[in-house]
Amino acid sequence: MAAQAIKNFRLHELRGLPKHIARFGPLAPRQTDAVPPKTDTNLHLPNPFLPQRNPKTGKWSAPKYSLRRQAELVKKAKESSLVHLLPAGPKLTNPSQLASTQATPTSLDVKGTKNEKQELARVWMNPVDWEGKMAIKNVAGADIGTRLYAAKKRMFKGHKWERMKEGRDKKRKILMRDMARRVRNYKAYHKRRKPDPLKPSRSAKAPKLPF
């Protein structure tokens, strides 16, 4: 189910926090650290949709979730109106803004009694401060769907017949414009050279065409 997939994702990230700290070190201090602990109940987790930098080696690791898996989670979150529970990533640049336009789910597809559901909701539905910032690229032409050629001076070169079509049409237009005169000259030449087609030619030379 869609809600179950989001729940599994959140619980998996909560359980994987110690492993992340062991590999990449402690998380960077967040902006809400100045708030007293009694009022700040948000969890602090690494964003699995973004690359992570190892402070020991200085190398970057690929995101934990591929773009395909991110797209699947975003799709399921939209189906269950749980977009606000996902972190920002390439497939979801602004979860909070998108969640505001969706209806709040009245019930989740989670098994258990009412108390168990409430206890579980306090764990995996608790607000999370995801570490890392999603850099949004302003690609020219993305708003109108022409991001491939928006910033290029030359469009796709096309096939050879497409590149030669303009010159070929121009040449054909000139030929068709003078076609009546060309046909008239052709007929007049043969009529003048051989008035009687049944008689043999007067010249043994090969005839020279008028064009």
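Computed from a predicted structure; not experimentally measured.
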- [ ] Could you list the residues that satisfy side chain to side chain contact (heavy atoms under 4.5 Å, CB included) with A5, not counting sequence neighbours?
- [x]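 A5 satisfies side chain to side chain contact (heavy atoms under 4.5 Å, CB included) with K76 once adjacent residues are dropped.
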
Open item on the list: Which residues pass the side chain to side chain contact (heavy atoms under 4.5 Å, CB included) test with P46, not counting sequence neighbours?
Closed with: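 In terms of side chain to side chain contact (heavy atoms under 4.5 Å, CB included), with neighbours along the sequence ignored, P46 is linked to L17, H20, L27, Q52, E131.
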
Task: Between CG on residue L82 and CZ on residue F9, distance to nearest 0.5 Å - done: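 Going from the CG atom of L82 to the CZ atom of F9 covers 12.0 Å.
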
Open item on the list: With rounding to the nearest 0.5 angstrom, report the CE to CD distance, M164 to E162.
Closed with: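 CD of E162 is found 12.5 Å from CE of M164.
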
Task: N47 side-chain N/O to G89 backbone N/O, donor-acceptor pair under 3.5 Å - done: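 Pair absent, no side-chain N/O of N47 close to backbone of G89.
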
Let me have the donor-acceptor pairs involving side chains of residues 166-178, under 3.5 Å, with sequence neighbours excluded, atom names and distances please.
unit_1, atom_1, unit_2, atom_2, d
D169, OD1, R172, NH1, 2.9
D169, OD2, K165, NZ, 2.9

TODO: Please assess L67 against K91 for the test side chain to side chain contact (heavy atoms under 4.5 Å, CB included), listing each intermediate value before the final yes or no.
DONE: CA-CA 7 Å; L67 293 178; K91 298 298 182 180; 4.0 Å; yes

Shortest non-hydrogen contact between [X] and [Y], atoms and distance:
X   : Y   : answer
H12 : Y65 : ND1-OH, 3.7 Å
L86 : L73 : CD1-O, 3.6 Å
P63 : P51 : CG-N, 3.8 Å

Open item on the list: Go through it in stages, so that I can follow the logic: the residues are L50 and W130, the test is side chain to side chain contact (heavy atoms under 4.5 Å, CB included), and I'd like the CA-CA distance, side-chain angles, deciding distance and then a yes or no.
Closed with: CA-CA 10 Å; L50 300 179; W130 299 99; over 6 Å; no

Task: Hphob cluster co-occupancy, V83 + L11, side-chain heavy atoms under 4.5 angstrom - done: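 Yes: a chain of side-chain contacts under 4.5 Å links V83 to L11.
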
- [ ] Could you walk me through whether V128 and E13 pass the side chain to side chain contact (heavy atoms under 4.5 Å, CB included) test, one step at a time?
- [x] CA-CA 11 Å; V128 174; E13 294 307 313; over 6 Å; no

